[in-house]
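Here the structure is laid out as structure tokens; the discussion comes afterwards.
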Amino acid sequence: MRQSGQPALATARPHRNRLLRRDVARPHRFGQAIGMARSIGTAVVSAPDGVPSAGAGPDAVTPRGMMPSIKRTKFKLSHQQLLEMYYWLKLIRAFDERLSTLVKQGKVRSGVYTGIGQEAIVVGTCFGLRKEDYVCPLHRDLGTFLMKGVTARAMMSQMFGKATGLSKGRDSALHSGVSELGIFGNTSMLGANLPVAAGLALTFKMEKTDNVVVAYFGEGASNVGDFHEALNFAGVQRLPVVFICENNQYAYSVPIEKSMAIEDVAVRAEGYGFDGVAINGNDVLAVYQATLGAVARARTGQGPTLVECKTYRWHGHSEHDKAFYRTDEELAIWKSRDPLTTFTSYLEGMNVLTGERLTEIETRVKSAIDDAVEFATNAPDPAPEDAVTDLYA
Amino acid sequence: MPRELSYLEAIREALVEEMRRDPKVFVLGEDVGAYGGAFGVTQGMHEEFGELRMIDMPISESAIVGVSIGAALRGYRPVAEMQFADFISCAFDQIVNQAATLRYRYGGRASVPIVVRAPSGGNVGGGLYHSQNPEAWFIHRPGLKVVAPSTAFDAKGLLKAAIRDDNPVIYFEHKYLYRRAKGPVPEGDEIVPIGVAATRREGTDITLLTYGAMVTPSLEAADRLANEDVEVEVIDLRTLMPFDKEAIFASVEKTSRALIVHEDVKTLGLGAELSAVLMEERFSSLDAPVMRLTYPDTHAPFSQVLEQANLPGANTITDALRRLAGY
């Protein structure tokens with residue numbers, strides 16, 4: 001999250017074919033995925049086999065030599081649970097969109113790195129977690145805080161730099177954590193959360209509990225030394241940790257093909273002695289399914305798994321980044337794979353989401369965000385003397 | 001006669017006693033398990049505590065500290081070993097950005113009770129990457145505590161204090177002292193509190209502020225000056241951050257002269273800070289400029305001739321004391 005107010009490149013360098021490569025080879029299976037709903041019962045979504053894709057996206061493949069079984073993890077979700085997932089997707093999207101607006105209005109100073117377009121990963125990974133499980137999110141995963149139990153008011157206060165925020169104005173965004181809720185807050189050094197995640201997981205191993213750690217990183221952070229050190233150690237100790245790669249194709253401005261000579265981050269897992277799998281990160285049910293499988297393995301002492309979620313961020317790296325390093329065409333393609341609208345259609349097609357339910361959820365979301373903004377706006381600033389407190393216990 | 005231990009044995013005894021006392025204490029580092037550590041500090045501990053409390057780590061200093069931070073967030077008190085203090089640079093980010101800032105950015109709702117043991121210092125023929133004294137990097141970073149014992153007694157008592165402290169503590173143990181420094185070390189809890197200096201020799205004419213392996217040659221030089229009717233008060237800082245201002249001020253108010261001796265290089269070493277603090281806060285007490293005798297601003301060379309040329313010793317400290325006495 002190294003900040004810069006200036007664009008990183010002087011001229012746009014479009015990558016016209018890059019993200020389309022896989023689509024040409026394997027047309028994505030939106031319709032086919034929706035067709036999978038045939039096997040879904042009226043009361044529950046079940047996935048006896050195959051990928052019950054709810055979204056559209058590139059057909060992420062399992063890299064050669066990798067174990068694909070977690071992509072076929074059986075699961076059941078009630079209609080209520082599906083609607084709950086939907087609520088989280090909507091809430092997290094709305095939160096980030098509001099933040100984007102607040103930056104433009106000058107009401108939030110900076111520190112806004114939205115995850116718009118990537119919400120299915122947060123929702124799919126967090127949905128099946130326990131309170132005792134730990135998450136170690138990356139900078140776009142504000143939704144993990146909400147799903148693990150931090151209030152929208154506290155999160156908005158954090159973004160406003162108010163005394164009511166998690167860090168009392170000391171820093172914004174996800175640089176604070178809540179140990180009681182199992183949330184670790186990382187620094188701006190991407191990938192530095194991963195050794196910490198391994199340490200948290202080590203304590204679960206020591207205590208012989210079946211809690212797990214879910215640690216997030218971008219494809220960009222998979223090039224940093226901490227990534228290697230953490231995954232290697234986790235592999236050696238067979239730690240109960242699930243490594244979630246949010247491959248959104250760009251590390252700030254640098255596209256994946258300029259930062260690594262492989263196509264799938266998932267293959268890196270093999271070097272650490274555990275399995276990696278690449279999935280469609282815009283499909284909340286695919287993410288949920290793969291996470292469920294990986295978490296089950298971690299809970300039963302089978303060690304770590306790397307789940308690479310292919311996705312795309314709609315906004316720039318930060319709200320100050322105009323993202324001219326990519327083309328409108330590329331963005332449009334990925335917007336057509338919006339994890340939210342595809343899930344909406346999916347739920348509507350199954351008659352889980354009715355107009356009445358939709359209105360109800362949208363009202364809940366809007367009032368939660370409005371309330372959070374109002375609360376944060378009126379919340380007190382930190383006292384100046386708190387600039388030098390809480391340095392030592 | 002009380003029982004004597006070496007500095008190294010005292011460190012081990014502190015670890016063993018703390019691990020027996022508190023099941024949340026564990027050790028991790030390179031070769032710390034069955035092998036017993038590169039210097040033998042953890043010898044025999046693997047047998048008692050097993051491989052989940054004496055964790056042999058891959059060559060991954062950043063992970064050694066990062067894993068410690070994660071465990072600390074769940075209530076553990078890890079003691080991380082850097083095989084040499086020189087290697088601590090590989091863990092720098094986890095220490096200065098992750099550990100040091102965590103409490104601050106968590107709004108005071110969490111703390112990071114880790115100890116990073118860092119075998120430091122020269123005079124052992126270690127060359128550029130096995131001789132360094134990188135304490136100033138960490139003194140400079142708010143949120144960290146830094147200690148550097150000079151005796152076997154303090155080695156044990158300070159390590160116990162560091163393990164029980166709720167903050168990240170960088171514990172510099174001097175390699176030259178491992179087997180050379182021996183002294184009485186009581187069994188059980190004799191805690192040396194963090195932040196309290198020790199006056200090793202009382203004097204009325206010059207205050208000599210030092211720590212680590214420089215304490216012994218400083219005492220030798222002070223004895224020589226006594227023959228010249230100059231009484232030097234030697235203060236062993238023991239804790240470098242937060243250093244004991246009260247003890248330093250009380251001594252300088254008495255002597256009106258201060259010499260700072262350290263093995264770290266000169267520019268922006270701890271001596272620079274101590275000198276500045278004395279200038280700002282005790283200017284009226286001083287009869288002479290605060291002086292420093294340190295390693296020159298260079299690297300730690302391998303050749304014994306070159307290394308001895310760099311290291312402050314009893315002779316050069318004596319000369320510095322004479323200059324200051326004659327000012």
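Letters go in sequence order (proteins before strands), and every chain restarts at 1. As a basis for the values below, the full set of heavy atoms in this structure was taken, side chains included, without hydrogen atoms, waters or symmetry mates.
- Between chain A and the options A71(B), G108(B), G143(B), heavy-atom pairs under 4.5 Å are most frequent for G143(B).
- Judged purely by distance below 3.5 Å, without hydrogens or angles, the side chains of Q302(A) and T300(A) pair a donor atom with an acceptor atom.
- With a 4.5 angstrom heavy-atom cutoff, L202(A) touches chain B only via side-chain atoms.
- Counting heavy-atom pairs closer than 4.5 Å to chain B, the top-ranked of the candidates G165(A), G185(A), S179(A) is G185(A).
- A donor-acceptor pair is defined here as one N or O able to donate and one able to accept, closer than 3.5 Å; such a pair exists between the side chain of R109(B) and the backbone of L166(A).
- In summary, the side chains of N186(A) and Q98(B) do present a donor paired with an acceptor at a separation below 3.5 Å, with no hydrogens or angles considered.
- Contact annotation for K145(B): both backbone and side-chain heavy atoms come within less than 4.5 Å of a heavy atom of chain A.
- Crowding of R130(A) atom CZ: a count of heavy atoms from other residues, nucleotides or ligands under 6.0 Å exceeding 12.
- Among V213(A), T203(A), L200(A), the residue with the largest count of heavy-atom pairs under 4.5 Å with chain B is T203(A).
- When heavy atoms are compared at a cutoff of 4.5 Å, N97(B) approaches chain A by way of both its backbone and its side chain.
- For S111(B), the part sitting under 4.5 Å from any heavy atom of chain A is the side chain, from C-beta outward, and nothing else.
- The part of P58(B) that comes within reach of chain A is its side chain, from C-beta onward, which places non-hydrogen atoms under 4.5 angstrom from that chain.
- If you measure heavy-atom distances from Q94(B) to chain A, the contacts under 4.5 Å come from the side chain alone.
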Check against side-chain contact (heavy atoms from CB on, under 4.5 Å), T164(A) and F375(A): CA-CA 9 Å; T164(A) 46; F375(A) 178 84; 3.8 Å; yes

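- For the pair R170(A) and Y104(B), the cation sits on the ring face: its NZ or CZ lies under 6.0 Å from the ring centre, inside 45° of the axis.
- Counting heavy-atom neighbours within 6.0 Å of E48(B) CD, excluding the residue itself, gives a total above 12.
- Of the atoms belonging to Y106(B), heavy atoms from both backbone and side chain fall under 4.5 Å from chain A.
- Residue L28(B) does not touch chain A at all, counting heavy-atom pairs closer than 4.5 Å.
- The contact between I183(A) and chain B is made entirely by backbone atoms, counting heavy-atom distances below 4.5 Å.
- Side-chain N/O atoms of T187(A) and H175(A) include no donor and acceptor closer than 3.5 Å.
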